[in-house]
Every structure is written in C-alpha cells, then in structure tokens.
Amino acid sequence: MSAPRAPLSPARALRLVAGREIRTRLRTKAFLIANAVIVVLIVGGLVLAAALTGGPTEADKVGLVGDTRSLAAALRSTGEAAGTAIETRELADAEAARAAVGAGDLDVALLPGTDGAVTAVTKGGLDAQLGTALGSVVRQAAVDAAVAQQGVDPAVLTRAGGTATLTEQTLDPPRTVDAQRVALAYVAVLLLYAQLLQSGIAVASGVVEEKTSRVVEVLLSTLRPVQLLAGKVLGIGAVGLVQLGVYGVAGIGAATATGLLTVTGAAVGVFLATLAWFILGYAFFAVAYAATGSMVSRQEEIGATTTPLTILVIAMFALAQAAVADPTGTVSSVVSWIPPFSAILMPLRIAAGVTGWVQVVLTVALMLAATAALTVLAARIYARSVLRQGKRVSWRQALGRG
C-alpha cells in the first residue's frame, strides 16, 4: 500500500498553478501571433505618424566663408534659443560655397561683403525662420564691430544687457500640462483599459473552462480553492504584465527612434508607473472576475455575471478619457483617490506630472486595502461556486445565504 501523498505547501501550490497558466497561454500559437501583430501595429503606427508629421527636424546647414566664420558660435546659440538647430561648416572660398549649395549639401552659404554686409546664397530661397536667425546674427555682429571701433568692449555691453532682465511673477498662474505628457497619459489610459479588460475576461473564461471540463475537480483534490484561485490570478496576471511590458518597450523605442517622443525620462517613468498600477488594478478585478466566472458552468453564460465588472472597467476608461483633457480638474483630482478608479486615473495624473508622492503612496495603500477586502469576499464566492454544476449559482447561494 503506497503512503499518502504529502499536502502541497502554499508556495508550491501557487507556483504549480501559476506556472500551468503561464505555459498554457505562452505556448498557444494564437496568443503569440496576436501579440506579434499588436507589436507590429504599434511600431508601424508610430513610424507612419512620424512620416506624416515630418519626423525629427533636420538641422539647417550653413556654410561660412572668410570673415563670416566668426559668426559660427552666434549662429548655433541663436538657433538653439529659437528652437532651430543650425550646423555650421567653414568653406575655402565663395566658389566652393556656391557649389555646396547647388549640390544640396548646404541650405545656405554666407559670403562676406564690404562694411559688414553679408550675402546669403541659397538654391531655392531662404526659409523664413532661418532667415530671421541669420539676419539677427549679422546685425548684432555689425553692432559689435561698430562698438568695438569706439573703444567699448562688446562683452561689457553683453553683460550689462544680461543683468537687465524682466522677471514675471504671476499671482494665479494657469495650470498647463506639456503636450507630450498628455499624449503619454492617453496612451497609458488606453493600455491599462485594454489589459485590465482582456486579463479579467481571461481569468473568468479560464475558471469556466476548468469547471466545464471537470479539471477543477481534479485540481481541488490536492489544492485548496483559495490556492487555485490565487495561482490562476498570478499566472494570468504575469502573462498580462509581460504583454504590457512588450507593448511599452516597443512603443517607447519606436517613438524615440522616429523623433515623436523627446521626454524619454518621463516616458520611462510613466511606463513603470503604468506597469505598477496594472498590477494593482489587475489584482482587484482578477479576483472579482474569477469569483463571478465560478458562478456559471458554460462560456456563453459568462456575461450574465461579469457584465457589472465590465461596465465598471468601461466607466473607468470613459472617465479617464474625459480627465485626459484636464488632468488637474476636480473630477480627476477627487475620483483618483477612490479604488478601483485610482488604478487608471493615477497613471494618467503621474503621466501629466500633476500629482505628488503623498497621493501616490496613499492611493496605493487604499487600493491594496480594497483589493484585500475584495479578495476575501471573492475567495468565499469561488469556494462555494466552483464545484457546482448545472444552472447558474445565485448570489445568495454564492455568499452562503441560501
């Protein structure tokens, strides 16, 4: 007679169930193909957007001949101040300068004239913004030369002008959010909505599948219901986290490479915050979807019990979309404290840069507390419903009141 099998430790039980969920999903061709297509769409969409918007702005190439070579530093600094990158190149003579412009190697070449005059040689005309920058530098160089002839050091005038600055003090400054941060906020909201909804439904479908095939009866012969529930939530959540990570890395990489995204540090911070809040939001909804999924015995009946949760996720997304336009508004500021709305509104506010660490810490604590309370209730419903076959389990029966 064989000795009875030793009961599994909680940690080993979680590893086995979670590992089974991860392997089952990652080995599915449909899953791999679908995610590959999504990544291609993300990268392709960003490349197309960059192409339609002109991509990163190329620097204006300016050739300098003779005395105009002294304008190089002033041109670069003026262009930087005006938001126009200017590259300078020294050329041997006017003939070489005209040849470079004609070949398209330079946008403009500056040739020195008499009495400080400068000729700008172009192939098809001078860009207005670049022309303004060149004119400003040339005029300032002429003024500096005239001042120097009078025995005054131009550096002294520059320092004097630098100290005579106008400082603005606004009593009630408007609250503005950087455009790129708003875009990051919207992308974070969209990804969280899609992943929360997809992962939650995956949990409910997995529970019903095991219940229909009677696999759950075999599993519960060696596992406690709460271990099976926790392992399933962890496994599917890990897969969802990997998906979100892959989407984020592909998106940030493509956006940075195409020049659509320049606030890379902020983007990485938003990405990490989105991952963290996905974990919190997923934990809340996954246990709820698992519990409601255990109340039915057929895949077609899932909607009967999970619809309220799906409506809640959609309502969160709708509210977040409205808040993207005004992340500092009253609705966003107040509702972001309330679980589970904080799971989608807090990443938005973090992306917009309108929240402090105190709110982040407190909202995380509130979300954890709400998830813990919901987990206790969900575990009770799951344990009472998952082995019941036939017609849908009522809420009264699931809660042990009938």
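All figures in this text were calculated on a predicted structure; none of them were measured in a lab.
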**OP:** Test side-chain contact (heavy atoms from CB on, under 4.5 Å) on Leu64 and Leu91 and set out the steps.
**Re:** CA-CA 6 Å; Leu64 304 176; Leu91 299 168; over 6 Å; no
**OP:** May I ask you to decide if Gln397's main-chain N or O and Ser394's side chain share a donor-acceptor pair within less than 3.5 Å?
**Re:** yes
Original post:
Do you know which two heavy atoms are closest between Ser385 and Val393, and how far apart they sit?
Top reply: OG-CG1, 3.8 Å
Original post:
Taking the side chain as C-beta and beyond, is there a heavy-atom pair between Pro347 and Leu192 under 4.5 Å?
Top reply: yes
Original post:
How close do Val203 and Ala290 get, heavy atom to heavy atom, and via which atoms?
Top reply: CG1-CB, 3.5 Å
Original post:
Between Glu301 and Arg392, is the closest basic N to carboxylate O distance under 4.0 Å?
Top reply: no
Original post:
So which heavy atom on Ala97 is nearest to which on Ala109, and how close?
Top reply: CB-CB, 3.7 Å
Original post:
Any side-chain heavy-atom pair from Gln243 and Phe278 closer than 4.5 angstrom?
Top reply: no
Original post:
From Leu234 CG over to Glu21 CD, what is the distance, rounded to the nearest 0.5 angstrom?
Top reply: 10.5 Å
Original post:
Given side chains that start at C-beta, do those of Met346 and Thr355 come closer than 4.5 Å, heavy atoms only?
Top reply: yes
Original post:
Which pair of non-hydrogen atoms, one from Val207 and one from Gly293, has the smallest distance, and what is that distance?
Top reply: CG1-C, 3.9 Å
Subject >> Check: Leu191 and Val187 side chains under 4.5 Å, non-hydrogen atoms >> reply: yes
Original post:
Is a donor on one side and an acceptor on the other found under 3.5 Å between the side chain of Thr256 and the backbone of Gly253?
Top reply: no
Original post:
Quick check: does any side chain N or O of Lys211 sit under 3.5 Å from a backbone N or O of Arg388, one acting as donor and the other as acceptor?
Top reply: yes
Original post:
Nearest 0.5 Å, what's the CZ-CZ distance between Arg25 and Phe31?
Top reply: 8.5 Å
Original post:
Is it the case that more than 12 heavy atoms not belonging to Gln299 sit under 6.0 Å from its CD atom?
Top reply: yes
Original post:
What distance separates Ile381 CD1 from Thr305 OG1, expressed to the nearest 0.5 Å?
Top reply: 10.0 Å
Subject >> Lys/Arg N to Asp/Glu carboxylate O, Glu87 vs Arg76, below 4.0 Å >> reply: no
Original post:
Are any side-chain N or O atoms of Ser199 and backbone N or O atoms of Leu196, one a donor and one an acceptor, separated by less than 3.5 Å?
Top reply: no
Original post:
Got Val65 and Leu110 here, is their nearest side-chain heavy-atom distance under 4.5 Å?
Top reply: no
Subject >> Sole candidate of Ile279, Leu362, Ile338, Leu280 that passes side-chain contact (heavy atoms from CB on, under 4.5 Å) when paired with Met367 >> reply: Leu280
Original post:
What are the two closest non-hydrogen atoms of Val101 and Thr122, and how far apart are they?
Top reply: CG1-C, 3.6 Å
Original post:
What's the shortest heavy-atom distance between Asp105 and Arg89, and which atoms?
Top reply: O-NH2, 3.7 Å
Subject >> Gap between atom CG of Leu229 and atom CG of Leu223 - 0.5 Å precision >> reply: 11.5 Å
Original post:
Which is it for Ile344 and Trp277 under the side-chain contact (heavy atoms from CB on, under 4.5 Å) test, yes or no, and what are the steps along the way?
Top reply: CA-CA 7 Å; Ile344 201 167; Trp277 278 101; over 6 Å; no
Subject >> Chi angles and distances behind the side-chain contact (heavy atoms from CB on, under 4.5 Å) call for Asp107, Val62 >> reply: CA-CA 6 Å; Asp107 296 302; Val62 179; 5.9 Å; no
Subject >> Nearest-0.5 Å distance that lies between atom CD1 in Ile236 and atom CG in Leu241 >> reply: 13.5 Å
**OP:** Nearest 0.5 Å please: distance from the OG1 atom of Thr307 over to the CD1 atom of Ile302.
**Re:** 10.5 Å
Subject >> Check: Gly240 main-chain N/O paired with Gln195 side-chain donor or acceptor under 3.5 Å >> reply: yes
Subject >> Main-chain N/O of Ser333 paired to Ser336 side chain as donor or acceptor, under 3.5 Å >> reply: yes
**OP:** Could you tell me how the ring of Tyr289 sits relative to the ring of Phe285: parallel (under 30°), tilted (30 to 60°) or perpendicular (over 60°)?
**Re:** tilted
**OP:** Using only heavy-atom distances, determine whether the side chains of Thr363 and Gln359 contain a donor-acceptor pair under 3.5 Å.
**Re:** no
**OP:** Walk me through it: do Trp395 and Met295 pass the test side-chain contact (heavy atoms from CB on, under 4.5 Å)?
**Re:** CA-CA 8 Å; Trp395 285 101; Met295 296 170 64; 3.7 Å; yes
Original post:
Under 6.0 Å from the CD atom of Glu300, do we count more than 12 heavy atoms belonging to anything else shown?
Top reply: yes
Subject >> Note, Leu228 side chain near Tyr382 side chain (heavy atom, < 4.5 Å) >> reply: yes
Original post:
Can you find a heavy atom in the side chain of Ile201 that is under 4.5 Å from one in the side chain of Thr306?
Top reply: no
Subject >> Close side-chain approach of Val313 and Phe317, heavy atoms under 4.5 Å >> reply: no
